[in-house]
Amino acid sequence: MDEKLQIKFMKEAIKEAQKGAAMGEIPVGAVVVLDKKIIARGHNLRVNRFDATAHAEVVAIRKAGKRLGRWNLTDCEMFVSMEPCVMCAGAIVNARLKTVYFGAYDPRFGACGTLINLAAWDKLNHRALVVGGVMEKECAIILKEHFKKLRQEKKDCAE
């Protein structure tokens, strides 16, 4: 996919991340694309749903499957504002997504290249192409600002 389209879809993932942040979630957003059109969107909902599996990627994959009436998303691509974790990389593989594009790298939990590249691991029966660093700075800023705000709120409560 050309760079212009990558940016277009990552901007949509960032919008989803901002929706999650407004709900008190860690700001991560994802979109699933088929034939250069967004078919599903998701943002983190772990806090609001009391569900550890409600990461943006999983939410978007579930919506895409429901919309298409199938679990196999071989012809789809995902854009996510932060590098997927092990669980999400596993969901990407299990959904058979063709490609995953992500923005900010995750040095603590990143499973699409930073700590491990589970999505492209040659021992699995399916591999997704992984493209990292799409709008990396913009995606990282959202996360940094979110955690800075949380630290400040915690500090204000302690005073």
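Throughout, residue positions are numbered sequentially from 1 according to the sequence presented.
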Taking all non-hydrogen atoms of both residues, which atom of [X] and which atom of [Y] are closest, and how far apart?
X: Leu143; Y: Pro27; value: CD2-O, 3.6 Å
X: Glu16; Y: Val31; value: CG-CG1, 4.5 Å
X: Val32; Y: Ile61; value: CG2-N, 4.4 Å
X: Gln6; Y: Val131; value: OE1-CG1, 4.3 Å
X: Arg67; Y: Ile38; value: NH1-O, 3.8 Å
X: His55; Y: Asn44; value: CA-OD1, 3.4 Å

### Message
Between Glu12 and Lys15, is the salt bridge (charged side-chain N to carboxylate O under 4.0 Å, His left out) condition met? List the steps.
### Response
CA-CA 5 Å; Glu12 293 299 317; Lys15 285 181 189 175; 3.1 Å; yes
Establish whether [X] and [Y] are linked, either directly or via other cluster members, by ILVMFWY side-chain heavy-atom contacts under 4.5 Å.
X: Ile141; Y: Val28; answer: no
X: Trp121; Y: Val86; answer: yes
X: Phe147; Y: Met82; answer: yes

## Note on the structure
Checking Arg70, Lys36, Arg96, Lys98 against Asp75 for salt bridge (Lys or Arg N to Asp or Glu O under 4.0 Å), the one that qualifies is Arg70
[Y] side chain reached by [X] side chain, heavy atoms, under 4.5 Å:
X: Val58; Y: Arg62; answer: yes
X: Met78; Y: Val33; answer: no
X: Val93; Y: Arg127; answer: no
X: Cys139; Y: Val80; answer: no
X: Met1; Y: Thr99; answer: no

Distance-only, no hydrogens or angles: does the [X] side chain make a donor-acceptor pair with backbone N or O of [Y] under 3.5 Å?
X: Ser81; Y: Gly29; answer: yes
X: Glu25; Y: Asn48; answer: yes
X: Asp35; Y: Lys37; answer: no

### Query
Has Arg49 got more than 12 heavy atoms of other residues, nucleotides or ligands less than 6.0 Å from its CZ?
no
### Query
If you look only at pairs with a residue in residues 1-46, which of them pass as a ring-ring contact (aromatic ring centres under 6.0 Å, His included), with sequence neighbours excluded?
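For residues 1-46, and leaving out neighbouring residues, the ring-ring contact (aromatic ring centres under 6.0 Å, His included) pairs sorted by first residue read Phe9-Phe79.
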#### Entry: Electrostatic pair Asp2-Lys8, nearest N-O below 4.0 angstrom
no
### Message
Using the rule given for side-chain contact (heavy atoms from CB on, under 4.5 Å), can you reason through Glu3 versus Ile7, listing the C-alpha separation, both sets of side-chain angles and the distance that settles it, and then say yes or no?
### Response
CA-CA 6 Å; Glu3 188 177 346; Ile7 290 169; 4.0 Å; yes
### Query
If you group Ile, Leu, Val, Met, Phe, Trp and Tyr whenever their side-chain heavy atoms sit less than 4.5 Å apart, what else falls in with Val59?
Met23, Leu45
Quiz: residues 100-117 side-chain donor-acceptor pairs under 3.5 angstrom, not counting sequence neighbours:
from	atom 1	to	atom 2	distance (Å)
Tyr101	OH	Glu77	OE2	3.2
Asp106	OD1	Arg108	N	3.1
Asp106	OD1	Phe109	N	3.2
Thr114	OG1	Glu83	OE1	2.5
Thr114	OG1	Glu83	OE2	3.3
Asn117	OD1	Ala120	N	3.3

Quick one: pull up [atom1] in [X] and [atom2] in [Y] and give me the separation to the nearest 0.5 Å.
X: Lys137; Y: Lys144; atom1: NZ; atom2: NZ; value: 10.0 Å
X: Met87; Y: Asn94; atom1: CE; atom2: CG; value: 12.0 Å
X: Leu34; Y: Leu68; atom1: CG; atom2: CG; value: 6.0 Å
X: His126; Y: Thr74; atom1: NE2; atom2: OG1; value: 6.0 Å

### Task
Begin from the C-alpha positions of Leu118 and Ile92 and carry the test side-chain contact (heavy atoms from CB on, under 4.5 Å) through to its verdict.
CA-CA 9 Å; Leu118 186 64; Ile92 288 163; over 6 Å; no
### Task
Evaluate the criterion side-chain contact (heavy atoms from CB on, under 4.5 Å) for residue pair Ile26 and Arg46; output intermediate values, then yes/no.
CA-CA 9 Å; Ile26 294 174; Arg46 292 184 322 162; 3.7 Å; yes
